[in-house]
Engineer: 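Starting off with a structure, shown below.
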Amino acid sequence: MTRSRKVIALLFGLMLALVLTSCGRVNNNQDSWPTLQKRGRIIVGLDDSFVPMGFRAKNGDLQGFDIDLANAVGKKLNLKMDFQTIDWNMKETELKNHTIDLIWNGYTVNPERESKVLFSKTYLNNRQILVSLKKNKINNFKDMQGKVLGVQNGSSGQSDLDGQPKLLKQYIKNQSPILYENFNEAFIDLNAGRIQGLLIDRVYADYYIAHQQDKNAYNKDTGSFAPEHFAVGMRKSDVELKHKIDGALEALYADGTVQKISQKWFGQDDTVPIK
């Protein structure tokens, strides 16, 4: 092959690579709603160990408050909800890369996340609390002085801890918590004495403790972190998708479905009025 032919072949190869790359590139400035309608399903990203929002039952089936609510919304939109387990610490990246279409699993609204994602209307109350074993006599945040704290990596608890260090972080050992990929692992270490406190979502803590043999072994302190609300996260460009999900949530709240799901999983109505 002559030099000129080699050059032409090389240029053709480069052009083909650019075309293929362009075809595979995801457009993050385009609303996903038309694509989702055509596909007939929405991929929901979740941490499948977060009881009682979305978790695996003993038979492997997904269940929980957010599973029920997402499926109810899916019926309103005539779309199937496909749930995909993700690394919770990478949830916004998974959303940006279009691996998932929604983050829906006890996802707390806060300023840091609002800079990255578009949120639906809020639907449930929550807050971060400190859980400890009563035998350790930790009755408030100051009692964590020099003690080891656990928190889930990428959680709103971690954001609160780092964002307001004078409330709790200043007291814990080395002013740095032990990070866990899920709360199941954190509770194992708490029960074994490897950590003395766990900063955790109230909904998870209440459900976990209620299902323990010795429910009175634990102490819960609400501390000073502000109340939180859960919502659905989506890409900033998905304005029409947000409109559709908000409309479905409003309708489900109006007909009492959201409240019934709350009663099922929490034994009370913890919902936020959706209007």
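One-based numbering along the sequence shown. Below, all heavy atoms of this structure are taken into account, side chains as well, without hydrogens, waters or symmetry copies.
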Engineer: Which residue pairs pass the side-chain hydrogen bond (donor to acceptor under 3.5 Å, both in side chains) test when at least one of the two sits in residues 74-84, sequence neighbours left out?
Structural biologist: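 Sorted result for residues 74-84: R41-D82, K80-D82.
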
Engineer: Among side-chain atoms of D269 and T271, is any donor-acceptor pair under 3.5 angstrom?
Structural biologist: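 Yes, side-chain donor-acceptor contact under 3.5 Å.
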
Engineer: Given N126 and Y204, is the side chain to side chain donor-acceptor pair (under 3.5 Å) satisfied, shown in steps?
Structural biologist: CA-CA 10 Å; N126 183 48; Y204 189 110; over 6 Å; no

Engineer: Assess the side chains of N59 and D61: does a donor N or O sit below 3.5 Å from an acceptor N or O?
Structural biologist: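 On atom types as modelled, these side chains qualify, holding a pair under 3.5 Å.
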
Engineer: Please check if any side-chain donor atom of S132 sits under 3.5 Å from a side-chain acceptor atom of Q196, or the reverse.
Structural biologist: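 Per modelled atom types, S132 and Q196 side chains form no pair under 3.5 Å.
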
Engineer: Test Y253 against Y123 for ring-ring contact (aromatic ring centres under 6.0 Å, His included), laying out the working first.
Structural biologist: CA-CA 9 Å; Y253 185 85; Y123 58 83; over 10 Å; no

Engineer: Looking at K244, M81, M234, which hits side-chain contact (heavy atoms from CB on, under 4.5 Å) with I42?
Structural biologist: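 With I42 as partner, K244, M81, M234 yield a single side-chain contact (heavy atoms from CB on, under 4.5 Å), made by M81.
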
Engineer: Can you find a side-chain donor-acceptor pair between T108 and N110 that sits under 3.5 Å?
Structural biologist: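 Note: T108 and N110 side chains miss the donor-acceptor criterion.
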
Engineer: Below 6.0 angstrom between ring centroids: does that apply to Y207 and F266?
Structural biologist: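 No - the distance between ring centres of Y207 and F266 does not fall below the 6.0 Å cut-off.
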
Engineer: Would F225 and F141 satisfy ring-ring contact (aromatic ring centres under 6.0 Å, His included), going step by step from the backbone distance to the final call?
Structural biologist: CA-CA 11 Å; F225 289 119; F141 284 6; 5.7 Å; yes

Engineer: Just do the side chain to side chain donor-acceptor pair (under 3.5 Å) check on H229 and N125 with the steps written out, would you?
Structural biologist: CA-CA 5 Å; H229 299 303; N125 289 306; 3.1 Å; yes

Engineer: Is D143 paired with K137 through a side-chain N to carboxylate O contact shorter than 4.0 Å?
Structural biologist: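 A salt bridge is absent here (no side-chain N lies under 4.0 Å from a carboxylate O).
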
Engineer: Quick one, R202 with D270, criterion salt bridge (charged side-chain N to carboxylate O under 4.0 Å, His left out). Give me CA distance, side-chain angles, the key distance, then yes/no.
Structural biologist: CA-CA 11 Å; R202 176 190 59 81; D270 278 340; 3.5 Å; yes

Engineer: List the steps, then state whether ring-ring contact (aromatic ring centres under 6.0 Å, His included) holds for F183 with Y208.
Structural biologist: CA-CA 10 Å; F183 286 129; Y208 178 92; 9.8 Å; no

Engineer: Could you give the distance from CE (M144) to CD1 (I195), rounded to the nearest 0.5 Å?
Structural biologist: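 Reported value, rounded in 0.5 Å steps: 8.0 Å.
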
Engineer: Please tell me whether F65 and F230 form a close aromatic pair, meaning their ring centres lie under 6.0 Å apart.
Structural biologist: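 Ring-ring flag for F65/F230: false, centres at least 6.0 Å apart.
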
